[in-house]
2 protein chains.
Amino acid sequence: MAGQSESLLSAMLPKLETWAPLDDDDRAALIALPYRLQSLAPTKYIVREGDRAEHSCLLLSGFAFRSKIVRDGGRQILALHMRGDMVDLQNAVLGRADHNVQALTEIEIALIPHEAILRLAADRPRVGRVMWHDTLVDGSINREWNTNVGRRDATTRLAHLLCEFALRLSFAGLGEQCNYELPMTQEQLADCLGLTSVHVNRTLKGLEANGLITRTARNVRVVDWDRLAAVGDFNSAYLHVDLEGRSIDPSRP
Amino acid sequence: MAGQSESLLSAMLPKLETWAPLDDDDRAALIALPYRLQSLAPTKYIVREGDRAEHSCLLLSGFAFRSKIVRDGGRQILALHMRGDMVDLQNAVLGRADHNVQALTEIEIALIPHEAILRLAADRPRVGRVMWHDTLVDGSINREWNTNVGRRDATTRLAHLLCEFALRLSFAGLGEQCNYELPMTQEQLADCLGLTSVHVNRTLKGLEANGLITRTARNVRVVDWDRLAAVGDFNSAYLHVDLEGRSIDPSRP
DNA sequence: CGCCGGTTTGAGTCCATTCAAGAGGAGTGG
DNA sequence: CCACTCCTCTTGAATGGACTCAAACCGGCG
């Protein structure tokens, strides 16, 4: 077991096991999946819309995002992924990519053949179920983003996104809930939120002026989690993470 | 087989088999799922956000929609479902509903216990895979809606939605691509699009004035599919339906 | 030191909203 | 059969939140 858990693929286990329990054989089978390592520079494509990819990938370090481009050149960012995320599991099932997946920062990924993933999901129902679950949580987050963009004003949208990042980054061990490095530019934030970078800038300053956050470069410090969550109309239920035993407010330990 | 295919549950087969082939035993097992019939009046809830539902449901007639409500009372409609759709398959896996599912019109549904669905998915990998696929296509549509709301102007958004409805309704045998009954009010359309009903009204009239569609009550007639699709920045790839053998433009047979 | 990508700020504009009121149609009950 | 209500659709006028355009600032880096 020790040998197996040293595989780089073991990075996928913590998140998958959040969804449902796996046994030792399940874990061993996941870790034994064939893979190929790759590094990508920021903005490089993992998959392009319309591609028929042969591999899904596990993100080992850095950040990646999904996006679509519209006719006039506008871009909508649909999801953000971080270490431990299985990016693009869905393309193993769907076949043809309906959106782009790109490196946001310098990243390292493990490319896993679709065919091996599907065989494993079929052979081990518990593993298949956990993978299904993982893609459904992605879907849930996407519905929340859809709601955010469709029915909330700029301040609420941004506060909501900052709350989500706070929780997801802390779950992934990449920052504290109330003090983290935001991995994206204001223009990229704008593309998540359906706003312009200029307006994101003004809105960030507004949150700061109201004493909800402080910022230095890309660092975000949440001054008052409860107020930020209230302003952002934020309820973490859509992340489908059981918060029992997790501190949801490290600002008051 | 004849006996089995008379089950009301056979309504789910055409769509599921669009995703991947099933064999006779798979079909028989799906149709043999236990279920309970129910009728619901418009606006009645199938599942409420936060519920821990015990059943998923197959929509036998009428229309249903998913939605979320934000703090100020605004509503975002996240998806529209029609006859033959497995509504809420995801809650079998996720457990707790992260959004509402409601009857849009008078509907009939078959309630199927989650536990039976999950057992079938585990026992028959091909069935599990097709169900997974089905939920992933829902996710793809949701990403397109997210993009629509986030990065397209009102006219483009509405034209895009009308194109999607045209195709989905015709796939489901509920109308012709260029002549169908729109099952929703302008206020509900607005909630799909992140607009107000007033602006949807003006935008509809704009499409009509430009000779793209004509309307009478809830009936929509597409006058010029190619132009409507161009105005709507519409590309059907995200529906993940193979259009081979299907006419994508019945206006020129 | 000068470039370059990202951030910040200001001024003017516009797309969509809000508010308001009227018209049309379906259903109900006296 | 008509009056009444309720809901949806339609239209106008005024408002406003976010956008556009443009310029300046800033920090890192070659």
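Reminder, nothing fancy here: chain letters follow the sequence lines and each chain counts from 1.
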Where do Trp145(B) and Thr147(B) land on the side-chain contact (heavy atoms from CB on, under 4.5 Å) test, with the steps shown first?
CA-CA 5 Å; Trp145(B) 283 35; Thr147(B) 305; over 6 Å; no
Regarding Arg218(B), tell me which of base, sugar-phosphate or nothing describes its non-hydrogen contacts under 4.0 Å with the strands shown.
sugar-phosphate
Roughly, in whole Å, what's the span from CG in Leu204(B) to P in dA16(C)?
14 Å
Pair His99(B) + Phe65(B): ring centers closer than 6.0 Å:
no
Contact under 4.0 Å: Gln186(B) side-chain N or O vs dT10(D) OP1/OP2:
yes
Atom pair distance, as rounded to whole Å: CG in Asp153(A) and P in dA16(C)
17 Å
Establish, from distance only, whether the side-chain atoms of Thr156(A) and Asp153(A) form a donor-acceptor pair under 3.5 Å.
yes
For the pair made of CG in Asp72(B) and C1' in dT18(C), what is the distance, rounded to whole Å?
13 Å
Using only side-chain N and O atoms of Lys205(B), determine if any of them is under 4.0 Å from OP1 or OP2 of dT11(D).
yes
Answer yes or no: does a side-chain N or O of Asn201(A) lie under 4.0 Å from OP1 or OP2 of dT7(C)?
no
Within the structure shown, what part of the strands sits under 4.0 Å from Gly194(B) by heavy-atom distance: base, sugar-phosphate, or nothing?
sugar-phosphate
Is a donor-acceptor pair below 3.5 Å formed from side chain Arg215(A) to base dT8(C), judging by atom type as modelled?
no
Output the rounded distance in Å from NE2 (His199(A)) to P (dG6(C)).
21 Å
Over how many whole Å does the gap from Leu193(A) atom CG to dA18(D) atom C1' extend?
13 Å
Check whether any side-chain nitrogen or oxygen of Gln188(A) sits under 4.0 Å from OP1 or OP2 of dG6(C), and answer yes or no.
no
Below 3.5 Å, does any donor atom in the side chain of Arg202(A) face an acceptor in the base of dG17(D), or the other way round?
no
Is the His160(A) to Phe165(A) ring centre distance short of 6.0 Å?
no
Could you tell me how far apart Glu187(A) (CD) and dC4(C) (P) are, to the nearest whole angstrom?
17 Å
Starting at atom CG of Leu195(B), determine the distance to atom P of dG17(D), rounded to an integer number of angstrom.
17 Å
Examine the side chains of Ser56(A) and Asp88(A) and answer whether a donor and an acceptor come within less than 3.5 Å of each other.
no
Distance check needed: dG5(C) C1' versus Met184(A) CE, whole Å only.
16 Å
Does the side chain of Thr185(B) get closer than 4.0 angstrom to OP1 or OP2 of dT8(D) through an N or O atom?
no
